[in-house]
Trainee: 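Below is the structure I would like to discuss, written out as structure tokens.
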Amino acid sequence: VYSITKDFFPPAAVVMLVALVFVLPVIVIRALRFNAVNSSYRNVRFGFKAKYGETLGLVLIPIFLIALTLGLIYPYYAYRKRKYFIEHSAYGGTPFTFSATAGAYYGVYTRVSLRFLLVLVGSIVTLGLGLIPLYAWLSAYRDAAIARLAWSNTALGNIRFDCDWKTGPLFKLYVVNALAVLFTLGLLLPWAAIRLARYQIGNISIAGGNLDSFVAANAQAIDATGEEADLFLGFDFGL
């Protein structure tokens, strides 16, 4: 057994994998910080600060626990990932807050799982012909439900956000975009990405507070040092 294990998992490879696991949180933190400080709205920069320990704990969940729990912990991981990103982000000197619960995420993913069963049944009934449109419908429902949950529980000071993503419009976008990209051999991929981004951004709004006065109060921007630019320019290591 030791010989077989050694052949498939050489000691050097194991050491490298373990080292990568412990280095990955540093990469994640620096990448998210780089993306934040190089983003701004009305000359006020965003910021991101997180500790190594909690980032390591978050990174270890998909590596080990999702497989061990047969995926049952995934809703909790999705919740922790969103909470981690939001609560360690800031706009100027004001941090974001996140009030959703793990139970709410389990509720959403339970409803998604039930609809996945409908997709399987529908695919069998249609002899596989309905798999792609049914999966597009499931993806639209999942993305809309999770986005509404996440944004409606995100706040910046006294400003709250609202999300109006709907399953129907997203489903139409997904189908039209997929057909356009498929029949143009990928040439319309930028067009499809713009259409989707326009819908997503256009259906997120401010639910409370005065944005102008808030921006004025945070007018002292956080300067980007650019120390990560030579390492991460052009790469997205975000969670």
Side-chain angles (χ1 to χ4, degrees), residues 24 27-48 62 74 77-78 81-82 84-86 88-91 96 98 108-109 112 115-116 119 123 128-152 154 156 159 161-207 211 215 221-222 224-239:
L24 191 56
I27 297 175
V28 169
I29 293 172
R30 288 170 64 87
L32 290 174
R33 182 180 301 153
F34 174 75
N35 289 340
V37 299
N38 284 281
S39 301
S40 65
Y41 176 72
R42 296 188 181 179
N43 295 322
V44 178
R45 292 189 182 277
F46 292 86
F48 182 85
Y74 183 81
Y77 169 66
K81 182 174 66 172
R82 181 73 180 187
Y84 167 88
F85 175 73
I86 293 298
H88 291 88
S89 298
Y91 178 66
F96 287 86
F98 189 62
V108 168
Y109 278 97
V112 170
R115 283 163 175 76
F116 177 71
V119 170
S123 299
L129 296 177
L131 177 59
I132 293 178
L134 285 173
Y135 183 76
W137 167 77
L138 177 65
S139 299
Y141 174 83
R142 177 199 62 208
D143 294 347
I146 293 174
R148 289 196 301 268
L149 173 61
W151 279 105
S152 63
T154 299
L156 179 63
I159 293 177
F161 298 90
D162 193 17
C163 178
D164 194 34
W165 294 14
K166 299 291 181 60
T167 301
L170 272 179
F171 170 71
K172 293 177 183 178
L173 271 171
Y174 288 166
V175 171
V176 173
N177 285 355
L179 292 175
V181 172
L182 177 64
F183 285 107
T184 62
L185 301 178
L187 292 177
L188 285 182
L189 185 59
W191 173 82
I194 291 172
R195 290 183 74 234
L196 180 59
R198 182 180 292 123
Y199 175 82
Q200 292 173 333
I201 296 173
N203 286 278
I204 296 174
S205 58
I206 294 175
L211 182 60
V215 172
I222 299 176
T225 63
E227 60 182 345
E228 290 89 356
D230 58 336
L231 293 176
F232 299 112
L233 188 61
F235 296 91
D236 183 8
F237 291 98
L239 288 172

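FYI, side chains are in, hydrogens and waters are out, and symmetry mates aren't considered; it's all heavy atoms of this structure. Values in this document were obtained by computation on a predicted structure and should not be read as measured data.
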Trainee: To check you understand the geometry: which heavy-atom pair defines the closest contact between G130 and S123, and what is its length?
Mentor: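 Minimum heavy-atom separation between G130 and S123: C-OG, 4.4 Å.
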
Trainee: Could you check whether any side-chain heavy atom of N35 comes within less than 4.5 Å of a side-chain heavy atom of F48, counting everything from C-beta outward?
Mentor: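 The answer is no; the side chains never approach within 4.5 Å.
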
Trainee: Give the C-alpha distance, both sets of side-chain angles, the deciding distance and a yes or no for side chain to side chain contact (heavy atoms under 4.5 Å, CB included) between T154 and R82.
Mentor: CA-CA 10 Å; T154 299; R82 181 73 180 187; 4.1 Å; yes

Trainee: Using 0.5 Å steps for rounding, measure from the CG atom of N203 to the CG atom of D162.
Mentor: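 Reported to 0.5 Å precision, the distance equals 10.0 Å.
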
Trainee: Which heavy atom of L134 sits nearest a heavy atom of V119, and at what distance?
Mentor: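 Heavy atoms only, the tightest pair is O-CG2, 3.7 Å.
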
Trainee: Do R198 and W191 meet the cation-pi criteria used here (NZ or CZ under 6.0 Å from the six-membered ring centre, within 45° of the axis)?
Mentor: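 No, R198 does not lie over the aromatic ring of W191.
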
Trainee: Go through the steps to decide whether S205 and D164 satisfy the test side chain to side chain contact (heavy atoms under 4.5 Å, CB included), and finish with yes or no.
Mentor: CA-CA 8 Å; S205 58; D164 194 34; over 6 Å; no

Trainee: Find out whether R142 and S139 are in side-chain contact, i.e. whether some heavy atom of one side chain is under 4.5 Å from a heavy atom of the other.
Mentor: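 Answer yes - side chains close enough.
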
Trainee: Is the number of heavy atoms from other residues, nucleotides or ligands within 6.0 Å of CG (L187) greater than 12?
Mentor: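 Enclosed: over 12 neighbouring heavy atoms sit under 6.0 Å from CG of L187.
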
Trainee: If you round to the nearest 0.5 Å, how far is CD of Q200 from CG of D143?
Mentor: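 Here the interatomic distance stands at 8.0 Å.
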
Trainee: Below 6.0 angstrom between ring centroids: does that apply to Y141 and F116?
Mentor: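 No; F116 has its ring centre 6.0 Å or more from that of Y141.
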
Trainee: Is it the case that over 12 heavy atoms from other parts of the model lie below 6.0 angstrom from the OH atom of Y199?
Mentor: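 Yes.
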
Trainee: Look at the side chain of W137 and the backbone N and O of F171, then say whether any donor-acceptor pair between them is shorter than 3.5 Å.
Mentor: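 No, because the side chain of W137 does not come within donor-acceptor range (under 3.5 Å) of the backbone of F171.
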
Trainee: Before giving the answer on side chain to side chain contact (heavy atoms under 4.5 Å, CB included), spell out for F46 and Y41 the whole-Å C-alpha distance, their side-chain angles and the decisive distance to 0.1 Å.
Mentor: CA-CA 8 Å; F46 292 86; Y41 176 72; 4.2 Å; yes

Trainee: Decide yes or no for L188 and N177: does some side-chain heavy atom of the first lie under 4.5 Å from some side-chain heavy atom of the second?
Mentor: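 No - every pair of side-chain heavy atoms lies 4.5 Å or more apart.
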
Trainee: Answer yes or no: does atom CG of L179 have more than 12 heavy-atom neighbours from other residues, nucleotides or ligands under 6.0 Å?
Mentor: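 Yes, because the 6.0 Å sphere around CG of L179 holds more than 12 heavy atoms from other groups.
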
Trainee: Minimum heavy-atom separation for A36 to G47, with atom names?
Mentor: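 Shortest heavy-atom contact: CB-C, 3.7 Å.
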
Trainee: Go through it in stages, so that I can follow the logic: the residues are I159 and Y91, the test is side chain to side chain contact (heavy atoms under 4.5 Å, CB included), and I'd like the CA-CA distance, side-chain angles, deciding distance and then a yes or no.
Mentor: CA-CA 12 Å; I159 293 177; Y91 178 66; over 6 Å; no

